[in-house]
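Input: a single structure, listed below in structure tokens.
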Amino acid sequence: MSKNHRAEVTISTYELDGLYFAVGVSKEGNIIKCSLPKESKQNAINEIKKTCSSFKISNKYQKYAKNVCKSYYGEKIHFNIDIPDMGDFQKEVLQEVSKIPYGEVRTYKQIAEAINSKAYRAVGTAISKNPLPLIIPCHRVVKSDLSVGDFFGGMEMKKEILKNEGICIVKGKIKKKVD
DNA sequence: GCTTTAGACGTAT
DNA sequence: ATACGTCTAAAGC
């Protein structure tokens, strides 16, 4: 069978303090996948590789990887992204999630309601498949009782990211800001 | 407070 | 058709 004309993805990585971040960028220049911080460069790259059949590694988009890193450490970054090929429902969910402002959280229920659905669990499922953690801030989505909830990279990581954004967490629960 | 139970619904197999 | 999921609400301990 002839060839695989699947779009080629360029993978770039960035390292800080022993943590490796990777992004996969399409030909059009959109980030289509990013990894959470990993302990090795290879792990970070593998995370991207899994989602594409054709790729090359280059430092061309290192700045994007760096921005992902910055977001992890609580810097407010704007990315121009394009939510990739997925079902409508999933897309709506991710779009809604990407609207959550820096330093704030929403619950799964609120996300469901925002798109006129009662599918709370499906929202969780959709978010779990978020290809762009940190960029699409799924870490800002928490349970209705304000406990942190799950996360692809583990609850600890979710908590850390939220703290880096200045969100206060006490005993695993989001603490409303007092000002 | 914690655990179980049933409910709701998109997705993967 | 069946099972599962980053869930919720209600009920019982």
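Every chain is numbered from 1, with letters handed out A, B, ... down the list of sequences.
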Notebook entry, point to check: Just how far, in rounded Å, is P of B:dC9 from CD1 of A:Ile115?
Noted result: 12 Å
Check: Hey, is the main chain of A:Phe89 close enough, under 3.5 Å, to the side chain of A:Glu92 for a donor-acceptor pair?
Finding: no
Next item on the list: Scan A:Lys129 against the nucleic acid and name what it touches under 4.0 Å (heavy atoms): base, sugar-phosphate only, or nothing.
Entry: sugar-phosphate
Item checked: Flag if over 12 foreign heavy atoms under 6.0 Å of CZ, A:Phe152 -> no
Check: What would the secondary structure line of DNA chain C be in dot-bracket form, counting Watson-Crick and G-U wobble pairs under 3.5 Å, with [ ] for pairs that cross earlier ones and | for pairs with another strand?
Finding: |||||.|||||||
Margin query: When you measure from the side chain of A:Thr125 to the backbone of A:Arg121, do you find a donor-acceptor pair of N or O atoms at a distance under 3.5 Å?
Written below: yes
Margin query: Could you check whether A:Asn46 and A:Gln42, counting side-chain N and O atoms only, form a donor-acceptor pair closer than 3.5 Å?
Written below: yes
Note to self: I need the CZ-P distance between A:Phe152 and C:dG5, as an integer number of Å.
What the structure shows: 14 Å
Checklist line | Interatomic distance where CG belongs to A:Leu162 and C1' belongs to C:dT6 [whole Å] | finding: 12 Å
Next item on the list: Answer yes or no: is there a donor N or O on one side and an acceptor on the other, between the side chain of A:Glu165 and the main chain of A:Gly74, under 3.5 Å?
Entry: no
Item checked: Base-contact (B) and sugar-phosphate-only (S) positions in nucleotides 7-13 of chain C, heavy-atom cut-off under 4.0 Å, - elsewhere -> BSS----
Checklist line | Length of the line joining A:Ile161:CD1 and C:dT6:C1', which is rounded to integer Å | finding: 13 Å
Margin query: In whole Å, I'd like the distance from the CG atom of A:Leu94 to the C1' atom of B:dG10.
Written below: 13 Å
Margin query: I'd like the P distance from C:dT6 over to B:dG7, given in whole Å.
Written below: 22 Å
Item checked: Ionic contact status for A:Lys163 with A:Glu160, cut-off 4.0 Å -> no
Notebook entry, point to check: Can you check the A:Gln90 CD to B:dC9 C1' distance for me, whole Å?
Noted result: 13 Å
Item checked: Side-chain donor or acceptor of A:Glu15 paired with backbone N/O of A:Gly18 under 3.5 Å -> yes
Item checked: Backbone of A:Ile136 reached by a side-chain donor or acceptor of A:Asn130 within 3.5 Å -> yes
Note to self: For the backbone of A:Val148 and the side chain of A:Lys158, can you confirm whether one donor and one acceptor N or O come within less than 3.5 Å of each other?
What the structure shows: yes
Notebook entry, point to check: OP1 or OP2 of C:dG5 sitting under 4.0 Å from any side-chain N/O of A:Thr125?
Noted result: no
